Amino acid sequence: MEYQIMNKKFRINQNKNIGKVLYIVEGEKTEIKLLGHIFKNILNYEKVISIDRRGKRRLKYVSGTNKNSKVFICNSKESNIKTMTDIEFIDKQIDILKNYDDEFNYEDISIYYLFDCDRQEDKPYIRELLDKYTNSREPSEDNKFDSIGGMLLLSYPSVESFIISNFEVDMFKFSERCNFKTQTIKEYIGSKGYNSSNMSKETLENSFMELVKSLEKIGINKIEIDNTRKFSNEIYNYEQLHNNQYLLSLLLISFVDLGIIEFEE
């Protein structure tokens, strides 16, 4: 098993060869715009094509320095986590992507699912999904969802918490700064003027530093990167204990897995 120590000494390697990567995201606009900005404007990837959940074109990026590094971004079928089990839809997205890259297949790509865990009706699915989608490159041994693997990056709320963590510190104390009874997270972001277009390499570094500090708060200082079952369940348990008011985004765990974020001694 490969354990990754999470520490505050790291760097962002913009030229890392990450191979082929697929992000399957819940939202139709915000996540697409966010990931697109990161790869295009911060990591210097070039936009090539695009595909959305209706089969129209959305996003594909290729590294400007390494043509073997390719990032595809697709929507899930619907905006809820249970659609992760819709293998037919995901198969269709893969087939569409093959039209733009004939080498694109399950065997040599890293897959990440970026979803929220705020819907109470999704709870029956979440435990099962956290136990199944634990490795970006291959299915877990007991994954009954056909041959598709992938790593589930479950957060509350996934995109909004990531955006805030780019611009603020002490995210584990965020509930002390925002009254959730009178203001939604989106309203808070709007009042502060936070926008993904304002993100930079420096804000990404701040966001990752906040992630590490938040994991320390939970009691996590290392993760088993090739099997995130224990790691993901520990975070989910903590968030449930705190009534889903703990803002923690796992988006950048995919950057650790891909080697875009490298730790230093």
Side-chain angles (χ1 to χ4, degrees), residues 1-14 16 18-27 31 34-35 38-39 42-43 69 71-73 76 81 84 109-117 126 129-140 149-166 171-172 196 199 201 203-239 246-264:
M1 300 298 181
E2 181 182 353
Y3 282 92
Q4 178 65 67
I5 302 297
M6 307 291 285
N7 62 54
K8 300 183 182 71
K9 294 182 179 180
F10 65 92
R11 72 184 187 96
I12 295 178
N13 184 352
Q14 297 168 281
K16 179 69 176 182
I18 62 175
K20 288 187 273 293
V21 179
L22 172 62
Y23 284 94
I24 298 177
V25 302
E26 184 174 10
E31 288 94 328
L34 172 66
L35 286 168
I38 291 173
F39 280 98
I42 299 178
L43 300 179
S69 295
V71 177
F72 301 82
I73 307 169
S76 59
I81 195 170
M84 279 183 59
I109 62 174
S110 299
I111 303 177
Y112 302 98
Y113 302 89
L114 189 61
F115 280 84
D116 290 337
C117 61
I126 288 176
L129 293 171
L130 289 176
D131 289 342
K132 302 299 181 183
Y133 291 96
T134 63
N135 186 299
S136 65
R137 295 170 182 84
E138 59 186 30
S140 60
M151 181 184 294
L152 173 57
L153 302 174
L154 187 68
S155 307
Y156 178 81
S158 182
V159 174
E160 289 83 0
S161 56
F162 176 74
I163 291 173
I164 296 171
S165 69
N166 271 259
M171 285 297 292
F172 59 87
S196 60
M199 291 179 184
K201 181 172 176 287
T203 70
L204 281 186
E205 291 171 345
N206 183 78
S207 179
F208 188 72
M209 183 71 76
E210 287 303 307
L211 172 59
V212 173
K213 290 192 295 185
S214 293
L215 292 177
E216 287 179 344
K217 180 72 174 180
I218 298 175
I220 299 172
N221 62 6
K222 65 179 181 180
I223 63 173
E224 192 175 323
I225 203 68
D226 60 353
N227 188 338
T228 58
R229 180 183 290 113
K230 182 175 182 292
F231 167 73
S232 296
N233 276 281
E234 285 177 339
I235 293 173
Y236 183 65
N237 291 340
Y238 190 95
E239 291 177 332
Y246 186 72
L247 266 73
L248 176 65
S249 172
L250 298 184
L251 170 59
L252 290 180
I253 293 298
S254 66
F255 282 29
V256 174
D257 188 42
L258 294 170
I260 296 173
I261 289 180
E262 300 177 334
F263 293 100
E264 302 174 356

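Note that this is a predicted model, so its numbers are computed, not measured.
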Sequence neighbours excluded, which residues qualify as side-chain contact (heavy atoms from CB on, under 4.5 Å) partners of N206? V169, E210

Any heavy-atom pair between the side chains of V212 and F208 that's under 4.5 Å? yes

I need the F263 CZ to I261 CD1 distance, nearest 0.5 Å. 6.5 Å

Can you list every salt bridge (charged side-chain N to carboxylate O under 4.0 Å, His left out) pair that touches residues 250-261, not counting sequence neighbours? R137-D257

d(L251 CG, L211 CG) to nearest 0.5 Å is 9.5 Å

Does the side chain of F115 come within less than 4.5 Å of Y133's, by heavy atoms? no

Does some side-chain heavy atom of V21 sit less than 4.5 Å from a side-chain heavy atom of F39? no

Could you walk me through whether L152 and I126 pass side-chain contact (heavy atoms from CB on, under 4.5 Å), step by step? CA-CA 10 Å; L152 173 57; I126 288 176; 5.9 Å; no

Kindly give the heavy-atom pair with the smallest separation between N135 and D226, and that separation in Å. ND2-O, 2.8 Å

Closest heavy-atom contact between I225 and M151? O-CE, 3.6 Å

L252 vs I260, test: side-chain contact (heavy atoms from CB on, under 4.5 Å). Steps then yes/no. CA-CA 9 Å; L252 290 180; I260 296 173; over 6 Å; no

In terms of heavy-atom contacts, N7 and E264 come closest through ND2-O, 3.9 Å

Does E224 use its side chain to pair, donor to acceptor, with the backbone of F231 at less than 3.5 Å? no

Heavy atoms of V256 and Q4 approach each other most closely as CG1-CG, 3.8 Å

Do Y113 and L129 have side-chain heavy atoms sitting under 4.5 Å apart? no

Do L34 and M199 have side-chain heavy atoms sitting under 4.5 Å apart? yes

Quick check: do L258 and K16 have side-chain heavy atoms less than 4.5 Å from each other? no

Atom pair CD1/CG of I235 and L250 - distance to nearest 0.5 Å: 4.5 Å

Set of side-chain contact (heavy atoms from CB on, under 4.5 Å) partners for S232, sequence neighbours left out: L130, T228

Rounding to 0.5 Å, atoms CD1 (I220) and NZ (K230) come to a distance of 7.0 Å

Candidate pair E216 and F172, rule side-chain contact (heavy atoms from CB on, under 4.5 Å), full reasoning: CA-CA 10 Å; E216 287 179 344; F172 59 87; over 6 Å; no

In this structure, CD1 of I42 is separated from NZ of K201 (nearest 0.5 Å) by 10.0 Å

Roughly how far, to the nearest 0.5 Å, is the CG atom of L114 from the CG atom of L153? 6.0 Å

Measure across L215 and M6 and return the closest heavy-atom pair with its distance rounded to 0.1 Å. CD1-CE, 3.9 Å

Between the main-chain N or O of I18 and the side-chain N or O of S69, is there a donor-acceptor pair closer than 3.5 Å? yes

Using the rule given for ring pair (Phe, Tyr, Trp, His ring centres under 6.0 Å), can you reason through F255 versus Y23, listing the C-alpha separation, both sets of side-chain angles and the distance that settles it, and then say yes or no? CA-CA 12 Å; F255 282 29; Y23 284 94; 7.2 Å; no

Determine whether K213 and M171 make a side-chain contact, defined as any pair of heavy atoms from C-beta on separated by less than 4.5 Å. no

Between S165 (side chain) and F162 (backbone), is there a donor-acceptor pair under 3.5 Å? yes

